[in-house]
Structure formats: C-alpha cells, structure tokens
Amino acid sequence: MSQPEVPHFPMIIGGQPVSSGERHEVRNPFDLSLVGTCPVGTVDDVDRAVAAARAAFPEWAALGDAARAHYCTRIGDVFQAHAGELARLITLEQGRPIIANGFGSQFELGGCVGWSMATAQFALDDRVVLEGGGVRAVQKRVPKGVVGSITPWNWPLLIAVWHLLPALRAGNCVVMKPSPFTPLSTLRAAELLNQILPAGVFNVVTGDGEVGTRLSLHEGIDKVIFTGSTATGKRVMQNAALNVTDCTLELGGNDAAIVLPGAAIADIAPGLFFGAFINAGQTCGAIKRIYVSNEQHDTLAEALAAIASGTTVGNGLEASSDMGPLQNAPQHAKVKALIAQAVRDGANLLAGGTQVGEGYGLTPAVLANCTQAMGIVAQEQFGPAIPLVRYDTPDQAIAMANASEYGLCASVWGSDPQGLAATGDALDAGTVYINTHAELHPLVPFGGHKQSGLGTQFGEEGLLAFTDSKIVYERHRA
Ligand code: NAD
C-alpha cells in the first residue's frame with residue numbers, strides 16, 4: 001500500500017510561497033509520526049523577507065489606522081473560518097489535545113480570534129499633551145517600520161498572533177521566525193492571511209538559532225519581539241543592541257503559588273492543578289512551585305495527586321486524552337531528570353512521572369516534601385511536574401517565592417481577604433493572581449519583572465509598544 005503523502009508547508013516571503021532545497025521534518029511528539037515538512041530557511045531568506053517587508057511598509061503605513069483596524073477584524077475572521085484545520089495542526093505538531101478540558105488547541109484558536117478582534121478595538125489616537133500660551137503639542141503614534149518576531153513552541157499560533165496583530169495594527173510589516181519544533185501552524189496561517197493582506201506585510205522564514213540571530217541583528221529590522229527562554233532572550237537583546245533596536249522580551253518564569261493557612265483545600269485544588277498543568281506545564285505563566293503550610297501540606301499533596309491520577313495522557317487527536325505529551329526530546333529529558341533528582345534528594349513522588357507512548361508523554365507528577373534547594377523548585381521545569389514546599393509562616397513563603405531570578409507571575413490562594421491582598425502586594429511579579437493562575441486577557445497588560453522579560457504585551461500599552469512617539473510642537477504666531 002502506498003504511504004499517504006506528507007504535506008509540505010512553504011515559507012511565505014513577499015506574498016509568495018518559497019521552498020529552498022533542504023526539508024525539515026516535523027513530528028507528532030506523542031508517537032513521533034511524521035506530520036509535515038517545511039523548508040530549512042537560511043539567512044539569505046531572512047534578507048529577502050526583510051527586503052519584502054521594507055518594500056511593503058510605505059503603503060501599509062500610509063493606509064491609515066481605521067483600514068488597518070479593519071484588517072485585524074478580517075484576520076480574526078480568517079482564524080474563525082479555519083479554526084478546525086489550524087487547531088488540528090497545532091495538536092499534531094505541538095501535542096496538546098484539541099479539547100483538553102477546554103484548554104486545548106481549539107482554545108488556542110479561540111484566543112487567536114479573540115486577540116485579533118480586541119486589537120481592532122483599541123484606540124490609537126493623537127493626544128494633545130500641551131495647549132496654552134500660544135503653544136500646542138500633539139503626540140502622534142507612528143509605526144516603527146519592520147518588526148522581527150521570534151516565537152517558541154509551547155503555544156505556537158497564539159504567541160504568533162500576540163506578536164503579529166499589534167504590529168500590523170500599528171502600521172508595521174512583519175518578518176516572523178517560528179520555532180523549528182512547531183513551524184507548521186504559523187506557516188499555514190501565513191498562507192491564509194496572505195490571501196487577504198498585501199504582499200510583503202507578513203512574511204515567515206523558518207529555521208533555527210542562526211536564522212533568529214540574523215533577524216535580531218538585521219539593520220532592516222526596527223523592533224524585535226521575542227518570546228522564549230531567558231538565555232536566548234539575552235542573546236537577542238545583545239544582538240538588537242548593535243543597531244539600538246527596540247526589543248520586547250517575554251521570557252522564562254518560575255511562578256510560585258502560596259496557599260495561605262486555613263485555605264479550603266478541596267475548593268482550590270482543581271484551580272491549582274489547572275494552573276500547574278495547563279498545556280502539560282509548558283506554559284510560561286504556569287505554576288511551577290507551590291508553598292503550603294506544614295499543617296495543610298499533606299492534605300493538598302494528596303488532593304493534587306488524586307487529580308493527577310485521574311488525568312489521561314495520550315495522543316492529542318484522541319478524545320480520551322486530557323493532557324498531551326511534552327513537545328520535544330530535550331524538554332522531556334530535562335523534566336524526567338528533575339523529577340528523578342528530586343526523588344533522590346528526598347521528595348515523595350505521590351503520582352505521575354511515568355512514560356506514556358513512544359514519544360514524550362509523561363503522566364503529571366506531584367512531588368511532596370520538596371525543598372527550596374532542589375532543581376525542580378529552583379529552576380523552570382516547564383513540564384508536567386509540580387513540587388510542594390512546606391513553610392512555617394506566610395512571611396517565609398513570600399521570601400522563598402521572591403527568591404528567584406524570574407518574576408513573571410505568582411498567585412496567592414485562600415479565603416482571608418486581608419491576607420490575600422497583603423501577600424499579593426509582597427510578591428514581586430508582573431502579574432499577581434488571587435485564587436486563580438494562568439489567566440490572560442487581551443485587555444490586561446502582561447509582562448515579566450526581573451529576568452522574565454522586558455516591556456509589555458496586550459492592552460493599549462502593548463499596542464503602543466509597536467509605535468514610536470512623534471511630537472508635533474507648534475507655536476502660534478500672530
Ligand atoms: P528558546 O529560547 O529555545 O527558543 C525560542 C525561539 O528562539 C525559537 O524560535 C528558537 O529557534 C529561537 N532561537 C534560538 N536561538 C536563537 C538565537 N540565538 N537568536 C534568536 N533566536 C533564537 O525557547 P523555547 O524552548 O522555544 O520556549 C520555551 C521558553 O519560552 C520557556 O523558557 C518559557 O518560559 C518561555 N516562554 C515565555 C513566555 C512569556 O510570555 N514570558 C511565553 C511562552 C514561552
């Protein structure tokens with residue numbers, strides 16, 4: 001019997017499909033079956049894409065804000081019309097189930113639609129900043145030019161939308177480089193969006209760190225937006241500095257959740273579990289460590305272990321799967337090693353940590369009696385494993401939560417409003433959640449403190465990050 005043909009997804013440069021000679025294979029991380037191929041992009045492809053974006057920029061910038069806002073709505077409509085196809089592609093390349101208790105790839109497509117529509121609604125008006133005494137100063141917002149976007153593999157298309165939509169709305173053209181682990185959904189989306197966008201406005205070049213380096217170094221790039229690890233983000237920032245190119249960096253996190261004494265464990269355990277294991281823990285703003293009082297440690301650990309034991313890890317295409325695999329081999333190896341080391345150091349593995357399938361499936365692990373020094377607490381595990389650490393006093397928990405180079409998000413759980421508010425105020429993070437975690441909204445600004453990032457996404461503040469301020473300062477002369 002002949003094998004079904006494997007789909008190929010070309011790059012999109014200047015509105016045209018582009019495929020260089022060499023092909024890159026993308027595999028389903030659950031069973032390692034071949035999903036599709038894409039070209040191995042090169043630094044020359046980056047140069048061509050930047051040239052195409054620069055050529056398209058004057059007309060796109062001159063189009064006017066209302067017309068570009070309308071394009072954002074039309075982009076949302078494209079995502080809506082192709083939601084099923086794109087969600088399936090994300091599941092195939094990323095591993096996450098389509099539904100996954102409401103937070104699978106279908107949810108990711110819902111986010112793509114929602115963020116597109118919200119970006120169309122923001123105001124981008126001129127602002128009178130001084131008037132009187134014969135002087136009038138107006139602040140205008142002008143596009144930066146060409147935006148270089150570099151995306152990771154955990155929420156591939158949603159993060160692409162977070163980069164693309166505000167950039168386009170503000171009048172910029174875009175050259176995007178997706179992660180080589182999950183390029184296909186971005187490539188297919190680019191093909192679809194190029195059916196409505198003028199040629200050169202949105203280009204996608206595939207490839208690895210070399211291609212990303214070229215993009216962040218390029219003199220034709222006026223802003224870089226990067227989502228990925230802190231280590232790579234530092235390199236991107238160094239490269240961008242060579243041309244004094246503006247950067248938005250959304251980097252790693254090691255989010256702490258503090259459970260205050262007296263919390264209703266049965267009520268909060270499902271929320272804590274969701275916050276830790278959304279997308280099999282491969283979410284920048286997921287709970288990565290839980291601090292709980294000595295008195296409630298065992299009760300919470302058992303409640304989380306019970307939920308973990310009832311969670312089915314499987315192929316994302318199967319309706320029975322609650323959770324997908326890790327996305328790639330290095331991440332799979334890292335999380336397994338951190339679990340094993342924690343157990344050797346005295347943690348109790350109450351559930352999970354076992355292999356599922358031939359790829360990178362791992363059942364959700366709950367580790368009790370962890371300590372601050374363990375790798376699984378001190379590092380960003382970015383996978384399906386949650387450590388619980390005991391505390392004697394809430395102040396001790398706050399000190400341990402803040403003792404990190406990261407400051408993306410944090411949360412505090414309990415029923416005492418004063419304790420919740422005071423603990424929230426004491427946590428050093430870009431977002432502090434109360435009795436929830438890992439919730440994002442297009443109207444709510446998002447960004448990390450410390451080494452979790454630089455700059456803000458979402459809301460009008462996020463849109464303004466894709467503009468330059470231009471002041472028109474006028475003196476009236478009689
Ligand atoms: P990564 O840093 O390995 O890769 C991210 C992207 O950078 C990929 O496209 C990669 O090919 C590219 N890249 C690699 N080397 C490069 C270089 N030298 N110059 C330019 N680009 C280069 O990150 P990842 O493993 O894909 O993603 C996981 C990380 O992303 C985690 O640390 C996670 O916390 C973080 N993340 C953060 C957010 C946020 O909003 N803060 C969101 C999602 C993921």
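Both ligands and their constituent atoms are indexed starting at 1 by order of listing.
- The ring-ring contact (aromatic ring centres under 6.0 Å, His included) search around F277 returns F273, not counting sequence neighbours.
- Checked against the 6.0 Å centroid criterion, the rings of W153 and F382 qualify as a close aromatic pair.
- Near ligand 1, heavy-atom contacts under 4.0 Å come from I150, T151, P152, W153, N154, I159, K177, P178, S179, P180, G209, G212, T213, F226, T227, G228, S229, T232, V236, E250, L251, G252, G253, C284, E380, F382, L408, F446.
- Ion pairing of E25 with R27 is present here, as a side-chain N (NZ or NE/NH1/NH2) and a carboxylate O approach within less than 4.0 Å.
- Within the cation-pi definition used here (under 6.0 Å to the ring centroid, within 45° of the axis), K450 does not qualify as a partner of Y406.
- Checked for salt-bridge contact, K177 and D45 miss the test: no charged N lies under 4.0 Å from a carboxylate O.
- To the nearest 0.5 Å, atoms CG (N154) and CD (Q327) are separated by 9.0 Å.
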